[in-house]
S.K.: 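Got a structure for you, questions after.
Here the structure is a predicted model, which is why all the values come from computation and not from measurement.
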Amino acid sequence: SGPPPPSAISLPVTFEEMINYELTDFGGNTSTLVADPTNAANRVVQSVRAADAQCFAGTTVAEVSGFTAPIPFAPGATRLSVRVWSPAAGIRVLFKVEEVGVPQINVETLATTTVAGAWETLVFNFANPMPNANPITFGANYNKASIFFDFSCDLNPAPPAPPARTYYWDDITFLMPVASETAPPVFGTSPSVFPNPTAGDATVRLELALESDVSVEVFDGLGRRVLLVSDQTVAAGPALLAVPTSGLAPGVYIVRVRSDAGIATTRLSVVR
């Protein structure tokens, strides 16, 4: 009962929070939040693409309010991943990010599904923009995202119209660069996460221009928060924060670091 709570949409977008994700359809899509057809405990977006949909049919998340912080693209950090369930392999999927209210600030790229009737993770590298070659602009306020299944507007001749299809998608995640054991820490105004997959802790390395409150959250593969390192005040300059992972079961997790400077996420593999 009552109106939905105000939007506070941040990466990774797992669709598990009870907020208004501002899903906005266009071109012949119809999207709703539903239970994962393969796991009722997980919540995902179902997008039905009509048989008479336009070549640009798609769905936007954070259409009005935008993400709580811009996507922190930087040299070497230009990728987003999305988990998708497609009824067919070989489906072209366009992913586009832009600034709310400023559509000329945008960048897009393509990926293709490889399996049918199963979940897979598609990685979109915006360092390779296509079909619109508008290049990525570091520092731009990219704060909303759109997904287009069966995208075909750039194909000439145009292919036959596909039948009505139902897709599912989940877990929009910004992918941090992978650090090697010998690589020096990469500092900046936003947090960087460097997980150690074999030790009892993951290490968050960051450098802040000003003193800031920092929190670290760890989410499991179903988008449930399984660990919270409470807010703590971190002084300006370089810092190392330990995230205790010894109590986590083996698997892949998403680590999200929040500070006054911004948000960073990465995947953490826990092995024993």
Side-chain angles (χ1 to χ4, degrees), residues 4 6-15 17 19-33 45-50 52-75 77-84 91-112 122-156 158-159 161-162 165 167 169-175 190 262-265:
S7 299
I9 310 166
S10 59
L11 295 174
V13 181
T14 64
F15 300 108
E17 298 177 84
I19 61 174
N20 179 8
Y21 284 96
E22 300 174 357
L23 295 172
T24 305
D25 294 313
F26 48 88
N29 254 27
T30 303
S31 297
T32 51
L33 288 166
V45 180
Q46 177 193 70
S47 291
V48 180
R49 192 182 192 282
D52 59 352
Q54 301 294 317
C55 64
F56 54 82
T59 302
T60 299
V61 60
E63 168 69 22
V64 179
S65 304
F67 301 135
T68 55
I71 301 170
F73 289 132
T78 57
R79 299 176 303 147
L80 287 168
S81 68
V82 184
R83 283 202 321 128
V84 304
I91 299 297
R92 301 171 88 233
V93 183
L94 179 77
F95 203 70
K96 179 179 183 179
V97 297
E98 57 189 303
E99 180 176 346
V100 171
V102 190
Q104 62 269 30
I105 304 299
N106 70 82
V107 62
E108 64 188 31
T109 193
L110 282 163
T112 303
L122 297 183
V123 175
F124 299 88
N125 188 354
F126 293 90
N128 301 315
M130 64 178 79
N132 183 343
N134 186 36
I136 190 171
T137 300
F138 299 125
N141 185 26
Y142 299 116
N143 62 355
K144 74 173 185 178
S146 302
I147 192 167
F148 308 71
F149 292 102
D150 265 314
F151 183 79
S152 62
C153 293
D154 60 318
L155 300 180
N156 189 13
R165 286 177 173 147
Y167 298 93
W169 48 288
D170 194 12
D171 296 339
I172 304 172
T173 304
F174 176 68
L175 299 179
S190 294
I263 299 174
T265 62

S.K.: For F148, run the ring-ring contact (aromatic ring centres under 6.0 Å, His included) check against F95, F26, Y167 and tell me which one passes.
M.R.: F26
S.K.: Can you tell if the side chain of L80 reaches within under 4.5 Å of the side chain of T173, non-hydrogen atoms only?
M.R.: no
S.K.: Is N134 close to P129 at the side-chain level, that is, under 4.5 Å between some pair of heavy atoms?
M.R.: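 The answer is no; the side chains never approach within 4.5 Å.
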S.K.: Calculate, to the nearest 0.5 Å, the distance between atoms CZ and CZ belonging to F151 and R49 respectively.
M.R.: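 One finds 10.0 Å between CZ of F151 and CZ of R49.
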S.K.: How far does CD1 of I71 sit from CD of E99, to the nearest 0.5 angstrom?
M.R.: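 If I round to the nearest 0.5 Å, the distance is 11.5 Å.
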S.K.: Shortest non-hydrogen contact from I136 to T78?
M.R.: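 So the minimum-distance heavy-atom pair works out to CD1-CG2, 4.2 Å.
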S.K.: Drop me the distance from Q46's CD to L33's CG, to the nearest 0.5 angstrom.
M.R.: 10.0 Å
S.K.: What's the shortest heavy-atom distance between S65 and E22, and which atoms?
M.R.: OG-OE2, 2.6 Å
S.K.: Using the ring-ring contact (aromatic ring centres under 6.0 Å, His included) rule, pick out the option among F73, F126, F67 that qualifies with Y142.
M.R.: F73
S.K.: Compare every heavy atom of T109 with every heavy atom of N125, then report the nearest pair and how far apart it is.
M.R.: O-OG1, 3.5 Å
S.K.: So do the side chains of V64 and V100 get within less than 4.5 Å of each other, counting heavy atoms only?
M.R.: no
S.K.: So do the side chains of L23 and F15 get within less than 4.5 Å of each other, counting heavy atoms only?
M.R.: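 Side-chain contact under 4.5 Å: yes.
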S.K.: Kindly give the heavy-atom pair with the smallest separation between S47 and N29, and that separation in Å.
M.R.: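 That closest heavy-atom pairing would be CB-ND2, 4.0 Å.
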S.K.: Compare all side-chain heavy atoms of E108 with those of P131 and state whether any distance is below 4.5 angstrom.
M.R.: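 They are in side-chain contact.
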S.K.: Decide yes or no for V107 and T137: does some side-chain heavy atom of the first lie under 4.5 Å from some side-chain heavy atom of the second?
M.R.: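 No. Closest side-chain heavy atoms not under 4.5 Å.
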S.K.: Locate the shortest heavy-atom distance separating I9 from N20; write the atom from each residue and the value.
M.R.: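 Closest pair (atom of I9, atom of N20, distance): CD1-O, 3.6 Å.
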S.K.: About how many Å separate CG of L94 and CG of L110, when rounded to the nearest 0.5 Å?
M.R.: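 That separation rounds to 5.0 Å.
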S.K.: Please determine whether side chain to side chain contact (heavy atoms under 4.5 Å, CB included) holds for the pair T24 and T59, giving the CA-CA distance in whole Å, both sets of side-chain angles, and the decisive distance to 0.1 Å.
M.R.: CA-CA 5 Å; T24 305; T59 302; over 6 Å; no
S.K.: Is there a side-chain contact between V93 and I147, using heavy atoms and a 4.5 Å cut-off?
M.R.: yes
S.K.: Considering all heavy atoms of both residues, which atom of G27 and which atom of A57 are nearest to each other, and what is their separation?
M.R.: O-CB, 3.3 Å
S.K.: Checking D154 against R92 for the side chain to side chain contact (heavy atoms under 4.5 Å, CB included) test, could you report, in this order, the C-alpha distance in whole Å, the side-chain angles of both residues, the deciding distance, and whether it holds?
M.R.: CA-CA 11 Å; D154 60 318; R92 301 171 88 233; 2.9 Å; yes
S.K.: Nearest 0.5 angstrom please: R83 CZ to I172 CD1, how far?
M.R.: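 Here the rounded value is 12.0 Å.
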S.K.: Which value, rounded to the nearest 0.5 Å, describes the distance between E63 atom CD and S146 atom OG?
M.R.: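 Interatomic distance, E63 CD to S146 OG, rounded to 0.5 Å: 7.0 Å.
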S.K.: Heavy atoms, side chains only, cut-off 4.5 Å: are I105 and N141 in contact?
M.R.: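 Side-chain contact under 4.5 Å: no.
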